[in-house]
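Side chains included, hydrogens not; waters and symmetry mates left out as well; all remaining heavy atoms used. The structure presented is a predicted model; accordingly, all values stated were derived computationally and were not measured.
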Amino acid sequence: MGKQEDFVLRALEERDVRFVRLWFTDVLGFLKSVAVAPAELEGAFDEGIGFDGSAIEGFARIYESDMLAMPDPSTFQILPWRQDGPATARMFCDIVMPDGSPSYADPRNVLKRTLGRAAEKGFTFYTHPEIEFYLFKDTPQPGVDPIPVDRSGYFDHTAQSMGADFRREAITMLESMGISVEFSHHEAGPGQQEIDLRYADALSTADNIMTFRTVIREVALSQDIWASFMPKPFTTHPGSGMHTHVSLFEGDQNAFYEAGAEYQLSETGRRFIAGVLHHAPELSVVTNQWVNSYKRMMFGGEAPSYVCWGHNNRSAMVRVPMYKPLKGASTRVELRTIDAACNPYLAFAAVLAAGMKGIEEGYELPREAEDDVWALSERERKSLGIDPLPKSLNEAIEIAENSELLADTLGESVFDFFLRNKRAEWDEYRGQVSAFERDQMLPVL
């Protein structure tokens, strides 16, 4: 048993931990949890905790259902919202088969495998997400419009703001779990908040996002309100995205930085962007995986609908932020399509795979979009070679079904289940009669 495992076992005694929750994520990005007693943990480090994989969405077929959850001791943290009695801790798990081989259905393994491929080329992948979400006064009820907790707007600071109190408590909890927060503020929609996590390697960030979503919901419930990461809960208010800044490092050197280059962006950085743009339509089903995701991307503003890049251009899909003098290590690119309801392990794996493809194949970066892409006419966009992103989940699925990059990155098991599940979601959605149809047609037809 290693030093990290020994540290965890000592911490269990010193902190009087009575329950340890072992966390992992299903293919769709929903958190799963099994609680074990501290006395069982030493055995879990050695042998894992067995469970029925066929009972988890997309994990296994019925005849190969035995799986093991292996706790990752580096992810040990005390859960701060379980303080009214004996302490409860959590650890993320890697899912393995009975023979010890990694499960190809484990999203965390999909990301680790993709990071491993990048590491073979000498790269480490870092990400920094800006996570948006809404706060509502009550638990959602079918057929009832949700009521935001406030009517504030972008960066508003108001006395007795429920959002400010909420953010303060949530950030305190996150930082007590070792998740560093860089910024937080009220977003443009009523009741809409944004909290930005500090840069970390992509695996840690994906773990942090899963923890973040749990913390946000726990804090909301403790205040008798409801938090939602739904991409577009209102027709007339902004959607919630997860703009994600990414960079590659070679050792301690930022591979995206080149002094004196245009925007200080290196050839590696330019080819990474070119790869993401080239494969953007294929990535959409993973970065924007829900029917509702495409409602967010319909009306411009902060959500892109077209495949293009620009320097400090917030209408572009990929933005190269303003260079900070004397801060070459901060050179990065911002991907503005991703929403906070995605499976972060699969989304980061797909983005990294596309960027690495651009580097390895030497993709040429297309011309920069210097205008507000939304203000251009369709003809102007075509003349500039700016193609649209998928306009619906159905279109995204059809493109993804023919994607060699996505099939190779996700692996056969995840690729097959994920697309079958998305197809079922689309079929169910398109059969629904909406309030829009009733309001428009019942009076006249």
Return yes if some donor-acceptor pair links the side-chain N/O of [X] with the main-chain N/O of [Y] below 3.5 Å, else return no.
| X | Y | result |
| --- | --- | --- |
| Asn109 | Pro102 | no |
| Lys232 | His237 | yes |
| Thr331 | Phe256 | no |
| Arg336 | Gly241 | no |
| Glu132 | Gln192 | no |

Quick one, [X] and [Y] - any side-chain contact, counting heavy atoms below 4.5 Å?
| X | Y | answer |
| --- | --- | --- |
| Leu203 | Phe348 | no |
| Phe51 | Leu68 | no |
| Asn288 | Arg296 | yes |
| Pro344 | Arg213 | yes |
| Val215 | Leu79 | no |
| Val373 | Pro304 | no |
| Met230 | Ser240 | no |
| Phe418 | Leu28 | yes |

- Query: What's the spacing between Glu175 CD and Met177 CE if we round to 0.5 Å?
  - Reply: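 If we round to the nearest 0.5 Å, Glu175:CD and Met177:CE are 12.5 Å apart.
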Using the ring-ring contact (aromatic ring centres under 6.0 Å, His included) criterion, which residues pair with [X]? Sequence neighbours excluded.
| X | answer |
| --- | --- |
| Phe76 | none |
| Trp426 | Tyr429 |
| Phe7 | none |
| Tyr126 | Phe249 |

- Message: So, using salt bridge (Lys or Arg N to Asp or Glu O under 4.0 Å) as the criterion, who are the partners of Glu425 when residues are at least two apart?
- Response: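 Counting only residues at least two positions away or on another chain, Glu425 forms a salt bridge (Lys or Arg N to Asp or Glu O under 4.0 Å) with Lys422.
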Ion pair present between [X] and [Y], side-chain N to carboxylate O less than 4.0 angstrom?
| X | Y | answer |
| --- | --- | --- |
| Asp94 | Lys112 | yes |
| Arg332 | Glu334 | no |
| Arg420 | Asp416 | yes |
| Asp165 | Arg167 | no |

- Item | From CA spacing to verdict: side chain to side chain contact (heavy atoms under 4.5 Å, CB included), Leu9, Phe45 | CA-CA 10 Å; Leu9 296 175; Phe45 281 136; 4.3 Å; yes
- Task: May I ask you to check whether Tyr345 and Phe24 place their ring centers less than 6.0 Å from one another?
- Result: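 Ring centres of Phe24 and Tyr345 not closer than 6.0 Å.
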- Message: Test: salt bridge (Lys or Arg N to Asp or Glu O under 4.0 Å). Region: residues 69-80. Which pairs qualify, not counting sequence neighbours?
- Response: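 Pairs touching residues 69-80 that pass the test: Asp72-Arg108.
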- Please test Phe229 against Phe30 for ring-ring contact (aromatic ring centres under 6.0 Å, His included), starting from the C-alpha separation and ending with a verdict. CA-CA 12 Å; Phe229 297 93; Phe30 292 109; over 10 Å; no
- Message: With a sphere of 6.0 Å drawn around CD of Glu182, does it hold more than 12 non-hydrogen atoms of other residues, nucleotides or ligands?
- Response: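 Count over threshold, so yes.
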- Message: More than 12 heavy atoms of other residues, nucleotides or ligands under 6.0 Å from CD1 of Ile147: yes or no?
- Response: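 Count not over threshold, so no.
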- Just jot down the side-chain hydrogen bond (donor to acceptor under 3.5 Å, both in side chains) partners of Ser204, sequence neighbours excluded, or say none.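 Only Asp201 meet the side-chain hydrogen bond (donor to acceptor under 3.5 Å, both in side chains) criterion with Ser204.
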Name every donor-acceptor pair, under 3.5 Å, that has one atom in a side chain of residues 114-122 and the other anywhere in the protein, sequence neighbours excluded.
from	atom 1	to	atom 2	distance (Å)
Thr114	OG1	Val110	O	2.8
Arg117	NH1	Asp408	OD2	3.0

- Message: Determine whether Thr409 and Arg113 satisfy the following criterion, side chain to side chain donor-acceptor pair (under 3.5 Å), listing intermediate values before the conclusion.
- Response: CA-CA 8 Å; Thr409 303; Arg113 197 168 65 233; over 6 Å; no
- Counterpart residues, side-chain contact (heavy atoms from CB on, under 4.5 Å), relative to Ala396 (two or more places apart):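 Testing Ala396 for side-chain contact (heavy atoms from CB on, under 4.5 Å), a comparison that skips the adjacent residues, returns Ser284, Val285, Tyr294, Pro390.
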- Results of side-chain contact (heavy atoms from CB on, under 4.5 Å) for Thr214 - residues two or more places apart only: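 side-chain contact (heavy atoms from CB on, under 4.5 Å) list for Thr214, sorted by chain: Trp23, Leu31, Trp81, Glu218.
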- Item | Asn421/Val27 under side chain to side chain contact (heavy atoms under 4.5 Å, CB included): CA gap, chis, key distance, verdict | CA-CA 10 Å; Asn421 183 280; Val27 174; over 6 Å; no
- Which heavy atom of Gln77 sits nearest a heavy atom of Ser176, and at what distance?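 Looking at all heavy atoms of both residues, the shortest contact is OE1-O, 3.8 Å.
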- Minimum-distance pair of heavy atoms, taken over all atoms of Met317 and Thr337: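 Shortest heavy-atom contact: CG-CG2, 3.6 Å.
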- Item | side chain to side chain contact (heavy atoms under 4.5 Å, CB included) partner of Phe166, the single match among Leu135, Val149, Asp150, Ile171 |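 With Phe166 as partner, side chain to side chain contact (heavy atoms under 4.5 Å, CB included) holds for just one option, Leu135.
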- Message: Test side chain to side chain donor-acceptor pair (under 3.5 Å) on His186 and Glu194; report intermediate values, then the result.
- Response: CA-CA 6 Å; His186 198 286; Glu194 177 176 310; over 6 Å; no
- Task: Establish, from distance only, whether the side-chain atoms of Asp339 and Ser293 form a donor-acceptor pair under 3.5 Å.
- Result: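 The answer is yes; a qualifying pair exists.
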- Query: Arg90 and Thr211: side-chain donor and acceptor closer than 3.5 Å?
  - Reply: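 The criterion, which ignores hydrogens and geometry beyond distance, is satisfied for Thr211 and Arg90.
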Distance-only donor-acceptor hits, side chain of residues 270-283, under 3.5 Å, sequence neighbours excluded:
from	atom 1	to	atom 2	distance (Å)
Arg271	NE	Glu267	OE2	3.2
His279	ND1	Glu282	OE2	3.0
His279	NE2	Tyr363	OH	3.1
Glu282	OE1	Ser403	OG	2.5

- Task: Report the C-alpha distance between Thr127 and Thr244 in whole Å, list the side-chain angles of each, state the deciding distance to 0.1 Å, and finish with yes or no for side chain to side chain donor-acceptor pair (under 3.5 Å).
- Result: CA-CA 7 Å; Thr127 57; Thr244 301; over 6 Å; no
- Task: I would like to know whether Glu368 and Tyr263 meet side chain to side chain donor-acceptor pair (under 3.5 Å); could you show each step before the answer?
- Result: CA-CA 12 Å; Glu368 175 186 356; Tyr263 310 137; 2.7 Å; yes
- Item | Worked verdict on Thr25 versus Met210 for side chain to side chain contact (heavy atoms under 4.5 Å, CB included) | CA-CA 8 Å; Thr25 305; Met210 297 305 301; 3.7 Å; yes
- Message: Quick test of your reading: applying ring-ring contact (aromatic ring centres under 6.0 Å, His included), list the pairs with at least one residue in residues 193-214, sequence neighbours left out, ordered by first then second residue.
- Response: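 Passing the test, one end in residues 193-214: His128-Tyr199.
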- Determine, stepwise, if the pair Val34 / Arg21 fulfils side chain to side chain contact (heavy atoms under 4.5 Å, CB included). CA-CA 6 Å; Val34 57; Arg21 298 197 181 279; over 6 Å; no
